[in-house]
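Step one of this worksheet: look at the structure below.
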Amino acid sequence: MSLTEKPATSPERDAYYKKLDERSMSALWNVLSDIITPTPRSGCQPFKWDYDEARELLMESGGLITAKEAERRVLILENPGLRGQSRITTSLYAGLQLVLPGEVAPAHRHSQSALRFVVDGDGAYTNVAGERTLMHEGDFVITPPWAWHDHGNESDRPMVWLDGLDIPMASFFDASFAEGYGAESQPESIPRGDSLARYGSNLMPFGYEQQGLASPIFNYPYDRTREALEQMRLRNEWDPCHGLKMRYVNPLNGDDAMPTISTAMQLLPKGLVTDVYRATDATVFSVVEGHGRTTVGDTVIEWKPKDLFVVPSWAPVVHQAHDDAVLFGFSDRGVQQKLGFWREHRGG
Ligand code: GTQ
């Protein structure tokens, strides 16, 4: 018996295993090396989705089904190693959602948390718990668990954003609940910009107490994120593995902005080649600006603005920026850290 080898079989042992099987039992020594592995063993593979191809397919879906009929008109980004499971990594879901001018994706709510990262288009809105926010390219927007949300597009251009949800986590725990609102849109009961004004200016309403685990800010606009990165760049303090990388945080406590999905934005200056890095949180990247190459083990991914790619757990990663590049990324890092699983390794 060992952590890497299985014991031999014999007719007596096989007969015994059959008896176990009939009673819904099985012998640990036959599976131990499969379930407790010396390093992460994942079905998740490195992969890139070319945005131009994805956009063409998305626009085709626009002629086949409305946002209303689909409830959410989304193309799921399925990891090639996890086909049919609606996952981009083992623990996370991702999709590209299209809302055409004049359309509404009807109000509903669910246990799962969602993030929107705006990839293409300007000025569509999402309404979360009564507050509407207009979305612009590069904005990071949160839908907390069990919050009513509907999306709409009153602009004159199609709008595409990346959805990231903790759907596989909710199903792992068998904790999924969902319901429709009963009307297409919920009333706009809170003035636009309220959350950002209250919680996003290094101020906090006097006596405010946190409700739920998500950040009270639900739209982190790109212009502010970009400005922060640009200001930081002046000091040339680059992390050898990450360039300039900032986490999105809940201003109340510095935790990740979402309880189940950790999000970050990083700037990689032209010419930077990062040191090798690996971590146990498989990460989904959305390219905001610039061109580059990311090698993930033996896989080489060439990327350009709006492309999406995924890096599996524990795969050695090197980013290379051909020009100044900005990458948005999300993963289950915060969950793993809270549960004591997370590991990282820097260097070869
Ligand atoms: O916008 O509420 O990609 O409920 C998947 C499920 C988006 C959403 C998705 C959802 C949504």
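When a ligand or atom number is given, it counts from 1 through the structure's own listing order. In this text the structure is predicted, and so the values were computed from the model without any measurement.
Taking 4.0 Å as the cut-off between side-chain N and carboxylate O, Asp194 and Arg198 count as a salt-bridged pair. Under a 4.0 Å N-O distance rule, the pair Arg72/Asp163 does not qualify as a salt bridge. Glu227 and Arg224 are not joined by a salt bridge, as no carboxylate oxygen comes within less than 4.0 angstrom of a charged side-chain nitrogen. Using a cut-off of 4.0 Å between Lys/Arg side-chain N and Asp/Glu carboxylate O, Glu302 and Lys48 are scored as not salt-bridged.
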Check ligand 1 for close polar pairs with the protein: N or O on both sides, less than 3.5 Å.
| residue | atom | partner | partner atom | Å |
| --- | --- | --- | --- | --- |
| ligand 1 | 1 (O) | Arg72 | NE | 2.8 |
| ligand 1 | 1 (O) | Gln97 | NE2 | 3.3 |
| ligand 1 | 1 (O) | Arg116 | NH1 | 2.9 |
| ligand 1 | 1 (O) | Arg116 | NH2 | 3.4 |
| ligand 1 | 1 (O) | His151 | NE2 | 2.8 |
| ligand 1 | 2 (O) | Arg72 | NE | 2.9 |
| ligand 1 | 2 (O) | His108 | NE2 | 2.9 |
| ligand 1 | 2 (O) | His149 | NE2 | 2.8 |
| ligand 1 | 3 (O) | Tyr93 | OH | 2.7 |
| ligand 1 | 3 (O) | Asp163 | OD2 | 2.7 |
| ligand 1 | 4 (O) | His108 | NE2 | 3.1 |
| ligand 1 | 4 (O) | His110 | NE2 | 2.9 |

Would you give me the side-chain donor-acceptor pairs under 3.5 Å for residues 313-320, sequence neighbours excluded?
| residue | atom | partner | partner atom | Å |
| --- | --- | --- | --- | --- |
| Ser313 | OG | Thr280 | O | 3.2 |
| His319 | ND1 | Thr294 | OG1 | 2.8 |

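Note: Trp49 and Phe47 have perpendicular aromatic rings, judged against thresholds of 30 and 60 degrees for the angle between ring planes.
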